[in-house]
Structure formats: structure tokens, C-alpha cells
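The first residue of the sequence shown is numbered 1, and numbering continues consecutively from there. Keep in mind the model is a prediction, meaning the values are calculated, not measured.
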Amino acid sequence: MDTFSEIAEHVETHFNVVHKEKFVLGLEVPVSESRRQSVFLAELKDDDDRRILRLETTVCPLGEQDPVKVLRVNLLLRGGYLAIGDMEGVPFLKLCDNLQVRHLSAAALSDRIKRLAKLGDEMEETLTHGHDYF
């Protein structure tokens, strides 16, 4: 896959797309029988004008978490990273991953989406004591 439209076509046939804009897709990914995790895909460009696919999933409100511990978790992650996002003025912890679009295979994309959703949900479940916000 070399373009966001090719990515969108693949994702629309393999996942439940709940939000769609020109360069943004929102998915609901099942992670267990009773839980689903929202994952968003967006196309970005780096400084060299190369296409990057950003995958992200919201984990929990940041206000309840120790930011130092959150940054330490980043050192343990093998894929992806934790970042802070904003939802209606409230800071939220989110799990992100950036993939180069060029030469991205359909299988690799599906795998990354599922892994990010699963890890994001596990973190959310742990940090919110079982709540399923996203």
C-alpha cells in the first residue's frame, strides 16, 4: 500500500469503520468478547514529505496518572509510544505508533492495528480498574 486511499480500502473491508474523513479513519476493534477499543488512523507527512501513518488509541484520563511513571512505561514499549492528547479540554493518555506508508503491507497494517488496540485496551483496563471508556 502506498496511499491513504489504499489503506482506507483495506481497513474498510477488514474493520468496523465508525468515523471517516479524507485522511482520518476511526475504527472500533474487538479485543475480547465484551470489550472494544477505538483506534484512529491518520496520514501525516514528515519533514522530507514522506507519508507516515499515525495509529493511536486513547487509554485513560491523564489526571489520574503519575506522568513520571507514564514516561517510564515508554522505555518498556517495544512498539509504539505513549503521548498526551486532548479531548474537550481534558488531557488524555494515548498509545500511538507511526508507520511509513511506503511498502506497508496489508497484513502488517492489520497486525499493527490489532496489536495497538489490544495493548491500549489492556492498559486502559489496568489504569482505570476495569472501565472501558474507549
Side-chain angles (χ1 to χ4, degrees):
M1 291 182 274
D2 293 315
T3 66
F4 193 79
S5 60
E6 291 174 320
I7 290 168
E9 185 178 318
H10 169 75
V11 168
E12 289 172 357
T13 60
H14 292 87
F15 295 94
N16 180 22
V17 176
V18 295
H19 178 85
K20 184 176 178 181
E21 293 179 30
K22 187 172 182 177
F23 292 104
V24 177
L25 293 173
L27 317 176
E28 228 179 59
V29 182
V31 292
S32 71
E33 287 184 30
S34 61
R35 294 177 67 94
R36 299 186 184 290
Q37 187 72 12
S38 296
V39 174
F40 291 88
L41 285 68
E43 184 179 87
L44 308 172
K45 289 193 176 180
D46 67 10
D47 294 339
D48 296 325
D49 212 33
R50 290 178 294 209
R51 292 183 176 123
I52 304 293
L53 182 64
R54 158 87 42 88
L55 284 73
E56 64 181 53
T57 185
T58 305
V59 176
C60 67
L62 179 63
E64 302 171 7
Q65 308 307 317
D66 177 358
V68 173
K69 287 182 182 178
V70 168
L71 289 173
R72 286 184 178 145
V73 169
N74 269 336
L75 295 174
L76 303 174
L77 293 174
R78 293 178 187 209
Y81 57 92
L82 293 171
I84 304 300
D86 188 73
M87 294 179 74
E88 300 177 5
V90 177
F92 274 82
L93 185 62
K94 61 184 181 175
L95 179 62
C96 305
D97 203 357
N98 293 332
L99 307 173
Q100 290 216 8
V101 171
R102 191 171 163 208
H103 309 300
L104 180 63
S105 73
L109 175 60
S110 291
D111 182 61
R112 280 292 181 85
I113 290 170
K114 290 174 187 173
R115 286 176 185 248
L116 188 82
K118 181 90 170 125
L119 180 57
D121 183 67
E122 288 171 358
M123 293 175 84
E124 176 184 18
E125 191 171 18
T126 300
L127 294 172
T128 65
H129 308 288
H131 293 291
D132 191 8
Y133 293 112
F134 309 100

pair Ile52-Lys45: side-chain heavy atoms closer than 4.5 Å: no
Nearest-0.5 Å distance that lies between atom OG1 in Thr57 and atom CD1 in Ile113: 11.5 Å
Exercise: identify the closest heavy-atom pair between Glu56 and Cys96: CB-SG, 3.8 Å
Validation row: Val101, Phe4 side chains within 4.5 angstrom (heavy atoms): no
Member of Glu6, Lys114, His10, His14 meeting the side-chain contact (heavy atoms from CB on, under 4.5 Å) criterion with Leu109: His10
Non-neighbouring partners of Asn98 that pass side-chain hydrogen bond (donor to acceptor under 3.5 Å, both in side chains), sequence neighbours left out: Arg54, Tyr81
Neighbour count above 12 (heavy atom, 6.0 Å) for Asp48 CG: yes
Minimum side-chain heavy-atom gap Val73-Met123 below 4.5 Å: yes
Distance in Å, Met1 CE paired with Arg51 CZ, rounded so as to fall on 0.5 Å steps: 13.5 Å
Closest heavy-atom pair and its distance - Phe40, Gly26: CD2-CA, 3.6 Å
Stepwise side-chain contact (heavy atoms from CB on, under 4.5 Å) check, Arg115 with Asp97: CA-CA 11 Å; Arg115 286 176 185 248; Asp97 203 357; over 6 Å; no
Enclosure of Glu12 CD (heavy-atom neighbours >12, cutoff 6.0 Å): yes
side-chain hydrogen bond (donor to acceptor under 3.5 Å, both in side chains) partners of Asp46, counting only residues at least two apart: Arg50
Non-hydrogen atoms of Val59 and Leu95 that approach each other most closely: CG2-N, 3.9 Å
Thr126, Thr128, Leu127 screened by side-chain contact (heavy atoms from CB on, under 4.5 Å) with Glu124, the one that passes: Thr128
Asp2 CG to His103 NE2 distance, which is reported to the nearest 0.5 Å: 7.0 Å
Reported CG-to-CZ distance for the pair Leu53 and Arg112, which is rounded to 0.5 angstrom: 10.0 Å
Minimum heavy-atom distance between Leu77 and Gly80, given as atom pair plus value: CB-O, 3.9 Å
Atom pair CG (Leu62) and CD1 (Ile84), whose distance is rounded to the nearest 0.5 Å: 4.0 Å
Taking every non-hydrogen atom, the tightest pair across Gln37 and Gly120: NE2-C, 3.9 Å
Distance in Å, Glu122 CD paired with Ser32 OG, rounded so as to fall on 0.5 Å steps: 10.0 Å
Shortest non-hydrogen contact between Ala8 and Leu25, atoms and distance: CA-CD1, 3.6 Å
Shared hydrophobic cluster, Val39 / Val31 (ILVMFWY, side-chain heavy atoms < 4.5 Å): no
